[in-house]
Amino acid sequence: YATSAVSGGNLNPAVSFALGLTGNLEWPQVFKYWVAQILGGVAASGFALGIHAPHTVSLGPVTPFSGSHAMLVELIYTCMLCFVVLNCAASKHNNPPGDGNQFFALAIG
């Protein structure tokens, strides 16, 4: 709920893409969101690096897993996130006018 007044709570580029594909978000708005989301991610990572440098941690998959395993898991969970957003927050069938649900924040997590 913290960012819903600013961006509709839409903080993930994949969710923006899914909303664009379903017509719940106009494509010019999708591109604007993408720019803001990517710049926000880069700024946040730079800020975190600045706070914690020189004590950084190397993140990555460990044996027996590889980068392709990590990519597959990210793909699966991103699809699941988009599925939940589209069915809980963006569905016109599940959210009739004047009686929108308020449980989507709990479902999205």
Side-chain angles (χ1 to χ4, degrees):
Y1 292 122
T3 61
S4 64
V6 178
S7 68
N10 185 355
L11 305 174
N12 188 310
V15 172
S16 299
F17 182 69
L19 291 170
L21 285 177
T22 59
N24 287 300
L25 193 61
E26 298 293 325
W27 283 105
Q29 194 72 16
V30 170
F31 294 120
K32 291 176 189 176
Y33 275 29
W34 279 349
V35 169
Q37 291 160 342
I38 292 169
L39 289 177
V42 169
S45 65
F47 183 71
L49 181 65
I51 288 176
H52 298 292
H55 306 289
T56 59
V57 176
S58 177
L59 297 176
V62 296
T63 308
F65 303 105
S66 67
S68 60
H69 291 113
M71 293 281 286
L72 178 63
V73 169
E74 284 291 329
L75 177 70
I76 290 169
Y77 284 117
T78 299
C79 289
M80 289 171 57
L81 171 66
C82 292
F83 179 79
V84 171
V85 168
L86 292 176
N87 284 288
C88 290
S91 172
K92 303 228 184 315
H93 176 72
N94 294 332
N95 298 304
D99 189 26
N101 73 54
Q102 296 299 314
F103 64 85
F104 59 86
L106 179 63
I108 294 168

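Note that the structure is a prediction, hence the values are computed from the model and not measured. This chain uses plain numbering: 1 for the first residue, then up along the sequence.
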- [ ] Tell me whether Leu25 is reachable from Leu21 by hopping between hydrophobic residues (I, L, V, M, F, W, Y) whose side-chain heavy atoms are closer than 4.5 Å.
- [x] yes
Task: Residues which pass ring pair (Phe, Tyr, Trp, His ring centres under 6.0 Å) with Phe65, listed by chain and number, not counting sequence neighbours - done: His69
Task: Those residues that, when tested against Tyr77, pass side-chain contact (heavy atoms from CB on, under 4.5 Å) (two or more places apart) - done: Val73, Met80
Task: Min side-chain heavy-atom separation Asn12-Val85 under 4.5 Å - done: no
Open item on the list: Holding to side chain to side chain donor-acceptor pair (under 3.5 Å), I want the full list of residues that pass it with Ser68, two or more places apart in sequence or in another chain.
Closed with: Ser66
Open item on the list: Suppose the criterion is side chain to side chain donor-acceptor pair (under 3.5 Å): which pairs have a residue in residues 18-31, not counting sequence neighbours?
Closed with: Thr22-Asn24, Asn24-Lys92
TODO: Please name the pair of heavy atoms, one in Pro61 and one in Gly67, separated by the smallest distance, quoted to 0.1 Å.
DONE: CG-N, 3.8 Å
TODO: Kindly work out whether a path of hydrophobic side-chain contacts (I/L/V/M/F/W/Y, heavy atoms less than 4.5 Å apart) joins Leu86 to Trp34.
DONE: yes
Task: Co-members of the apolar cluster containing Val62 [side chain, <4.5 Å] - done: none
Task: Partners passing side-chain contact (heavy atoms from CB on, under 4.5 Å) against Ala36 (at least two apart in sequence or in another chain) - done: none
Task: Non-hydrogen atoms of Val30 and Gly20 that approach each other most closely - done: CG2-CA, 3.8 Å
Task: Side-chain cluster (under 4.5 Å, hydrophobic types only) that Leu39 belongs to, other residues - done: Val35
Open item on the list: Let me check something: do Ile38 and Tyr33 share a hydrophobic cluster, defined by ILVMFWY side-chain heavy atoms less than 4.5 Å apart, either directly or through other members?
Closed with: no
Task: Ser45 (side chain) donor-acceptor with Val42 (main chain) under 3.5 angstrom - done: yes
TODO: Please go through Leu59's hydrophobic cluster and name the other residues, only I, L, V, M, F, W, Y counting, with side-chain heavy atoms under 4.5 Å joining them.
DONE: Val57
